[in-house]
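Below, read A as the first sequence line, B as the second, and so on, with proteins coming before strands; counting in each chain starts at 1. Nothing here was measured: the structure is a model prediction, and the numbers come from that model.
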Amino acid sequence: MSELVKAYESKDIEARWYQTWLDRKAFAGRVEEGKQPFAIMIPPPNVTGMLHMGHILNNTLQDIFIRRARLEGKAAVWFPGTDHAGIATQTMVEKKLRTEQGVSRRDLGREKFLGHVWEWKEKHGGIILNQLRQLGASCDWDRTTFTLDEGYAKAVLTAFVKLHERGLIYRGRRMVNWCPVSMTALSDEEVIPTAQQGFLYRMRYELCEPTVDHEGNPLTHLEICTTRPETIMGDTAVAVHPEDDRYRHLVGKTVYRPFPKAPITIIADDHVDRAFGTGVLKVTPAHDAADFAIGQRHHLPVIDVLNADGTISAAAGMFVGMDRFAARKAASAELDRLGQLIEAKPYENNVGFSERAKVPVEPRLSEQWFLKYPRVEEAKRVVSEGLVTFHPPHWSKIYLHWLGNIQDWCISRQLWWGHRIPVWYRKGADRNDPANQHVSVDGPSDPQNWDQEEDVLDTWASSWLWPFACWGWPDAQGEAKRELEFFYPTGVLVTGFDIIFFWVARMIMAGLELTGDQSVNSAAELPIEELRKRIPFKDVYITGLIRDALGRKMSKTLGNSPDPLDLIAKFGADGLRFGIVNIAPSGQDIKFDEKRVEIGKHFCNKLWNACRFRQMSGPAGDNRSPAAILARLSPAHLDAYDHWMLARLVELHRDAEKCFAEFDMPNYTNSLYQFFWNDFCAWYVEAAKSKVQASPAQRDHCLALQDLVLRQFLLLQHPVQPFITEELWEKLGYAANFGDLLQQTRLETAAELTASLAALGLAPDPAARARVAAVNDFVTVARTLKAQFNLGSKRDSILSVTCDDASWAILSGDLAETLRRLAGCSQVNRAATQPDGAPAAVSPLGTIYLDLAGAIDTAAEKTRLTKEIERLAKIVTAGEAKLSNEKFVATAPANIVEGARAQLNEAKAKLDENKRLLAGLS
RNA sequence: GGACGGUUAGCUCAGUUGGUUAGAGCAUCUCGCUUACACCGAGAGGGUCGCAGGUUCGAGUCCUGCACCGUCCACCA
């Protein structure tokens, strides 16, 4: 047992222990028959990613769960990996190539470009995983998986083929969200509605044949409002509501599209909102999802006026080649020139933005692959029936609501970086005819006659398989097969609410469709036991979003996002871990402030010093097992504080069990903090100081008890602060054999601890708690009294007490020395009568008088006593009112009534005593 | 337009099925380098629990309505 230095320094200790853990393969998980399985799948960070505060919170929580599971004796494994992140990675490498070599991906061609991306990935990918090591993440690194690994890719393609076989995947020309910058389709979830300042243009469309309005006045044109005049060239109709009296008589007539000038029909459609604008809608089937639907209903022609890159197409006939935003201005000017622009008023509306490229997306008609979501009803059922539980629970409502309204998922992306869709088209044939399509994992046997689909899959269409594809699905053999069967369904998924739709819901559907006993798939509804086997995880822990101290989102542009590695350097990984979990209220956004995580670092130092003090207090005993420590304890030596401490220790184990059962981690850190700092350090260790200086036997007994508390506390604290606890575990000699790790130890349950205490006659005496509470109250009253006379630290203060015999027995009994030490007094004497001129305060163990050499400030004393009397009087009044209420006495539970009575009596006694003291002053 | 959160001390948040005097950390003030820790110790001040009703012997906690803040969903051009 080497000596500890004065202040805790995290840096060297953390680096040393992490290496030790890696060397010993301490994080390796494996099938262990007879043990409960517990797996966590890391939400795979983008391979291009850098660690940010969200990762810190998220991964600290996962590490806490997995480390706790190990201590509980489960077969635990935390599965790490990274996501290829299609658009994000491709965009990043493209940008790099453009700035460094001045070439675009098209200049290079598919193969060469992908070569560059892989090269980048090999060189820089996975930095984030190294960063996680600094945080202390106990992932089973040998399992690290990348979503484009060969095995994983096979799983992705297999899933595609299976779902295609089951008729859930189809190709179609549909309206999709198109990103003109990335030049790919996006799913609905990748589009972020964003408020935009623009204009609402009000314009005239001339009637081909002048007529009259609904009141019989001459009518030469219709007024129409739009926010997008640049799509006028794509107008193929004008629509009004079928029951709109202003316009219904015009249905079937024609108006001129302003440019290129051409007649278009006036149609009637329910979709039109009579109250919006003029109640007339220009219909542009190629550029609006709703308009497209109208076009379908009315068999309208479709004129696509935009190119893939957002410039105006040749089909528009005007502004060809102009960017869409420039074209908007040009179209507006053209309307004005024609005298058809009535006004352009500032207008705010919601525009869908590309999540990645941050530009407005275009609704665009294109050929894409779509997936009908599988097992939607079952996916709802597993959550509503509690097979999968959200924490906090209200997220399940969001989840269920989304599942109730989903559209088919556009899974094709016009990118190169990703899983190329395993579909081949017969050369030169119609691609939309299924007869000309070949779908398989390995491709056709005569590849020369086929062209493979150019598109890749949406990244989420690969990561939705994560919980089972990582284990070698679909054709896991041998050990891999055993592992999948043993560890699936996994334990808890820890993630942010922002990807409940992207990922959580989809993983559940994928698991329900593709795992388990596939032979029962045709059943109309899968039995609940089958669902229980197919769910990907049992619990979903949703973390809040980390914001800055002002509540703003963290962003690069604001520069308000701290570098976690700086924070680790500043507070230690252990400090940061404790701090971030401690301030993360369940399910709410977190206002992050460096100041708020200091608590974690300070706590490390407190723990360190408490252990250091233990070393300084006396010789080490045999700490190699709980039994060895308990053997050093004897019932005969236990005083009230010892009993209370043991009771609290058991209680802490119980609290921890409850927190884990409820996934309440902030409360967990609070319990640990409160127990250690206040109960153990501030009261128990302080109280024990006098005992440590007494006889060697008493000292060793007291230190044995401290050794027990420290041992159990290190085990409980370890999931949150793994480094410092491992270090102290070693330094205090808790290893059963030389070199054993804390994390390979089995943590006793509250029940087990209770049983082993009882077996040795060490069961905590419940009465001790009240006694300790009374003494602590006495101490606090005495300290307050001293502080009021600025004697806070004068250890030679003398107290006199007037009290009954029972109280004096406590004050003068075996706790007498402890009590003097805690109160900071050299003497506590019993007084028969009130000493003259001494300030006084009332405690549960009698009235305390402070022996002051000089005269007291009578006026100040009066003020103080009067205030105390007022406070007590309120309590007495309330208590009397309550107890004189017959209904209360009759209805309320006995213990509540008893409590109220006891409280009233105590307050009354104190009140009388204070009144007496006040009277004595005048 | 729907739905879901939140509103408790100067700040950030706890507050279990309604039940004794509503708590913690930080910040502020006073005193203290007391033989683990100044990354510390002792003490103090600070809240009519967003507003208005209701249920109840009893409401921060349950019900109704309202206000404000936030988030998600929704094809008003």
Side-chain angles (χ1 to χ4, degrees), chain A residues 4 6-8 175 193 200 224-228 239 271-273 275-277 280-284 288-294 349-350 363 392 394-395 397-398 401-402 405 497-498 500-501 545 549 551 571 575 582-583 585 587-593 595-596 598-599 601-617 658 662 666-667 670 673-674 678 681-682 685-686 689 693 780 783-795 821 824 871-872 874-875 878-879 882 885-893 895-904 906-907:
Chain A
L4 301 175
K6 184 168 175 178
Y8 176 62
M175 215 56 177
L200 186 62
I224 303 181
C225 291
T226 185
T227 54
R228 305 203 55 192
H271 170 263
V272 179
D273 179 356
F276 186 88
V280 186
L281 170 71
K282 74 182 198 65
V283 184
T284 322
D288 183 281
D291 287 14
F292 180 71
I294 295 173
N349 66 339
N350 272 343
H394 75 259
W395 290 109
K397 289 182 197 164
I398 308 269
H401 182 258
W402 183 75
N405 295 288
F497 59 86
D498 50 331
I500 289 179
F501 309 147
L545 189 70
F571 302 110
N582 188 240
I583 65 168
Q588 283 178 59
D589 286 358
I590 297 126
K591 286 189 184 161
F592 180 83
D593 190 339
K595 195 86 191 135
R596 296 183 65 200
E598 272 183 1
I599 185 174
K601 181 184 178 172
H602 294 175
F603 197 27
C604 284
N605 199 53
K606 190 70 177 178
L607 176 59
W608 184 259
N609 273 287
C611 291
R612 195 164 74 92
F613 184 56
R614 159 63 191 92
Q615 285 191 328
M616 294 163 60
S617 298
K658 187 162 179 269
E662 294 172 356
N667 203 20
N670 274 335
Y673 187 88
Q674 161 68 27
N678 294 320
C681 291
V685 174
E686 287 304 319
K689 279 179 179 172
Q693 289 172 353
T780 302
R783 284 172 176 173
T784 306
L785 191 58
K786 284 175 66 187
Q788 271 154 350
F789 291 88
N790 286 344
L791 301 177
S793 55
K794 292 278 182 291
R795 313 218 118 235
R821 170 154 213 115
R871 187 181 72 87
L872 290 164
K874 265 193 216 162
I875 298 170
K882 187 181 282 184
N885 181 335
E886 282 173 28
K887 282 196 174 171
F888 171 70
V889 180
T891 323
N895 63 323
I896 298 294
V897 179
E898 267 320 296
R901 203 163 272 146
Q903 185 211 342
L904 175 61
E906 193 189 317

Heavy atoms only, 4.0 Å cut-off, all strands: where does A:Thr284 land among base, sugar-phosphate and nothing? nothing

Does B:U21 have OP1 or OP2 sitting under 4.0 Å from an N or O in the side chain of A:Gln903? yes

Return the pairing partner of B:G18 with a 3.5 Å limit on both distances, Watson-Crick or G-U wobble; otherwise return none. none

Could you check how far CD of A:Gln674 sits from C1' of B:G23, rounded to whole Å? 10 Å

How is A:Glu686 classified with respect to the nucleic acid when contacts are heavy atoms under 4.0 Å: base, sugar-phosphate, or nothing? base

Integer angstrom distance from the C1' of B:U16 to that of B:G23: 14 Å

Parallel, tilted or perpendicular: which describes the rings of A:Trp402 and A:Phe501, with under 30° parallel and over 60° perpendicular? parallel

Under a 3.5 Å limit for both distances, which nucleotide forms a Watson-Crick or G-U wobble pair with B:C26, could you say? B:G10

Work out how far the P atom of B:A74 is from that of B:C69, and round it to whole angstrom. 24 Å

Between B:C33 and B:G41 - C1' atom distance, rounded Å: 10 Å

Would you classify A:Asn885 as touching base, sugar-phosphate or nothing, given that sugar-phosphate means primed atoms plus P, OP1 and OP2, and contacts are heavy atoms under 4.0 Å? sugar-phosphate

If you find the nucleotide of RNA chain B closest to A:Ala900 and the one closest to A:Ala610, which residue's nucleotide is nearer the 5' end? A:Ala900

Nearest heavy-atom pair of A:Asp288 and A:Met175: which atoms, and what distance? N-CE, 3.3 Å

So does A:Lys397 get a side-chain nitrogen or oxygen closer than 4.0 Å to the phosphate oxygens (OP1/OP2) of B:C73? no

Please classify the nucleic acid contact of A:Thr227 as base, sugar-phosphate, or nothing, using heavy-atom distances under 4.0 Å. sugar-phosphate

Return the pairing partner of B:G41 with a 3.5 Å limit on both distances, Watson-Crick or G-U wobble; otherwise return none. B:C31

Any side-chain donor near an acceptor of the partner, A:Lys282 and A:Thr284, under 3.5 Å: yes

Whole angstrom is fine here: how far is it from CD in A:Glu598 over to P in B:G25? 15 Å

Quote, to the nearest angstrom, the P distance that separates B:U64 from B:G43. 45 Å

Describe the nucleic acid contact of A:Ile583 in one word from base, sugar-phosphate, nothing, applying a heavy-atom distance below 4.0 Å. nothing

Look through every strand shown and name the nucleotide pairing with B:G46 as Watson-Crick or G-U wobble, where both distances are under 3.5 Å. none

With C1' as the reference atom in both, quote the distance from B:U71 to B:G25 in angstrom, rounded to an integer. 27 Å

Whole-Å C1' distance, B:C4 and B:A77: 29 Å

Please determine, for B:C4, whether a Watson-Crick or G-U wobble partner exists with both distances under 3.5 Å, and give it or none. B:G70

Please name the nucleotide paired to B:A77 by Watson-Crick or G-U wobble geometry with both distances under 3.5 Å, or report none. none

Does the side chain of A:Arg783 get closer than 4.0 angstrom to OP1 or OP2 of B:G43 through an N or O atom? yes

Between A:Lys595 and A:Glu598, is there a side-chain N and carboxylate O pair less than 4.0 Å apart? yes

Between B:U7 and B:G15, how many Å separate the two P atoms, rounded to a whole number? 10 Å

Calculate the interatomic distance between A:Asn350 atom CG and B:G1 atom P; express it in whole Å. 14 Å

Take atom C1' in B:C63 and the same atom in B:U55, then report the distance between them in whole Å. 7 Å

Suppose we define a pair by two distances each less than 3.5 Å, Watson-Crick or G-U wobble; what does B:A52 pair with here? B:U64

So what does A:Pro893 touch, heavy atoms closer than 4.0 Å: a base, only the sugar-phosphate, or nothing? base

Please examine the side chains of A:Tyr673 and A:Ile599, heavy atoms only from C-beta on, and report whether any two atoms are closer than 4.5 Å. yes

If you define the side chain from C-beta out and look only at heavy atoms, does anything of A:Lys786 sit under 4.5 Å from A:Arg783? no

Report yes if at least one side-chain N or O of A:Lys882 is closer than 4.0 Å to OP1 or OP2 of B:G58; otherwise report no. no

Does A:Lys606 have a side-chain nitrogen or oxygen under 4.0 Å from the phosphate oxygens OP1 or OP2 of B:G41? yes

Looking at every heavy atom in both A:Lys591 and A:Arg596, which two are closest together, and how far apart are they? O-NH1, 2.6 Å

Map A:Ala275 and A:Phe497 onto RNA chain B by nearest heavy atom, then report which one ends up closer to the 5' terminus. A:Phe497

Side-chain N or O of A:Lys689 versus OP1/OP2 of B:U34: is the shortest distance under 4.0 Å? no

Ignoring backbone atoms, test whether A:His401 places a side-chain nitrogen or oxygen under 4.0 Å from the OP1 or OP2 oxygen of B:C4. no

Base, sugar-phosphate, or nothing: which does A:Cys604 touch, judged by heavy atoms less than 4.0 Å apart? nothing

Polar pair under 3.5 Å, donor/acceptor by atom type, side chain A:Arg871, base B:U21: yes

